[in-house]
Amino acid sequence: MGKIIVMTSGKGGVGKTTSSAAFATGLALRGFKTVVIDFDVGLRNLDLVMGCERRVVFDFINVINGEAKLNQALIKDKRVDNLYILPTSQTRDKDALTKEGVERILNELCKEFDYIVCDSPAGIERGALMSLYFADHAIIVTNPEVSSVRDSDRILGVLSAKSRRAEQGMEPVTQQLLLTRYDPERVEKGEMLKVDDVLEILAIPLLGVIPESQAVLRASNIGMPVILDENSNAGQAYLDAVGRFLGEDVEHRFTTVQKKGLFSRLLRRSA
Amino acid sequence: MSIFSFFRSAPKTSAVQAKERLQIVMAHERVGRSGPDYLPMLQQELLAVIAKYVDIDANKVEVKLDRGGDCSTLEVNIELPGRDQIKAPSAVKDAVPSKPANGVAKDEDDDKAVPIKSAASVLTNGGVSKRR
């Protein structure tokens, strides 16, 4: 029976799609059969980030409406075994996501896959609610910045009130924080909230800290999940986070300023 | 770091201010979220009881819950009509003071005067509730 993970944040532009793509790829790299679903109906982008935009024929909404079979809409990743993408519709709107339709598709996917990663749209409206409603695990993507932290808190409230697990009195959705775009240098200068500050405010366990990294833009430019750029800090941080998600004890990296040695300073190399 | 900076109190960095602002605003919002949803019903029922005795305007009733550190207050503000507008119901013999007193509800059961504009009483002693 597959587990449903929702990547959510409330606020837009904090890295949900980047993180969904990276995380799903990371789980597949570990040998788990994984599908990543775009819930951002009308504003689909997961296909671009995953680099499969030209292979989309049918989508999530087609499957919900019975216009296509699930297997026709699922796109198999060409780089990583066990990884599938379920893109969403670019022309419909969020009303196309019915609770019954979403439940039916997720149930079907749960039979076949180990992990189903739901990439939530921003906001707390229908699309976001549908993406988190059936979740077993929630990964809260947050930037160390006031509006993002506040919105994350709001979405935590929604998770603990409006998810299926909450409504049916089941064991609550597990909640973990993924702090993205973290810049240790600015933290050191007192210009950015510390990891510990955000943890104290949100009071949920830390899954990982993804450092601000140029590799993220480079990866999305070419339609590659950044986790496949194993030389980048961000890619390594995502690999670590996947390990932690799977219960491994991985020490946090990239949370402090990397002191550059004389040699690397002379060579002017940067990560 | 110079020796002088030891004596000066360090100015708050913007990150520290961000944290403090977040803590304040979110304490507020979490209360609203976990807060009681009985207030609208309470307001209606209070209104119904008072309306049995006094002719009141439903729009002039305010029910507010303030959560403090050790004690929370439930504040009920009901504006009663002035003396001239009153059609005294049979249950109430004497007139309502036209300028009602502002203050805490008194326990005295003086049937001469219908209290009161503002009543406040301690409701619970829950502090700002933490979600988890």
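Reminder, nothing fancy here: chain letters follow the sequence lines and each chain counts from 1.
For CZ of B/R21, the number of neighbouring non-hydrogen atoms (other residues, nucleotides, ligands) closer than 6.0 Å is 12 at most. Heavy-atom neighbours of A/E251 CD from other residues, nucleotides or ligands within 6.0 Å: at or below the threshold of 12. The number of heavy atoms from other shown groups lying within 6.0 Å of CD (A/E171) does not exceed 12.
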Practice prompt. Check the pair B/L22, A/L193 against side chain to side chain contact (heavy atoms under 4.5 Å, CB included), reporting the backbone distance first and the verdict last.
Written response: CA-CA 11 Å; B/L22 272 172; A/L193 289 164; 3.9 Å; yes
Discussion item. Using the rule given for side chain to side chain contact (heavy atoms under 4.5 Å, CB included), can you reason through B/T13 versus A/K189, listing the C-alpha separation, both sets of side-chain angles and the distance that settles it, and then say yes or no?
Written reply: CA-CA 8 Å; B/T13 63; A/K189 284 190 220 157; over 6 Å; no
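No side-chain heavy atom of A/K194 sits less than 4.5 Å from a side-chain heavy atom of B/K19.
Interface summary for chain B: among A/V149, A/V198, A/V187, A/V146, the most heavy-atom pairs under 4.5 angstrom belong to A/V146.
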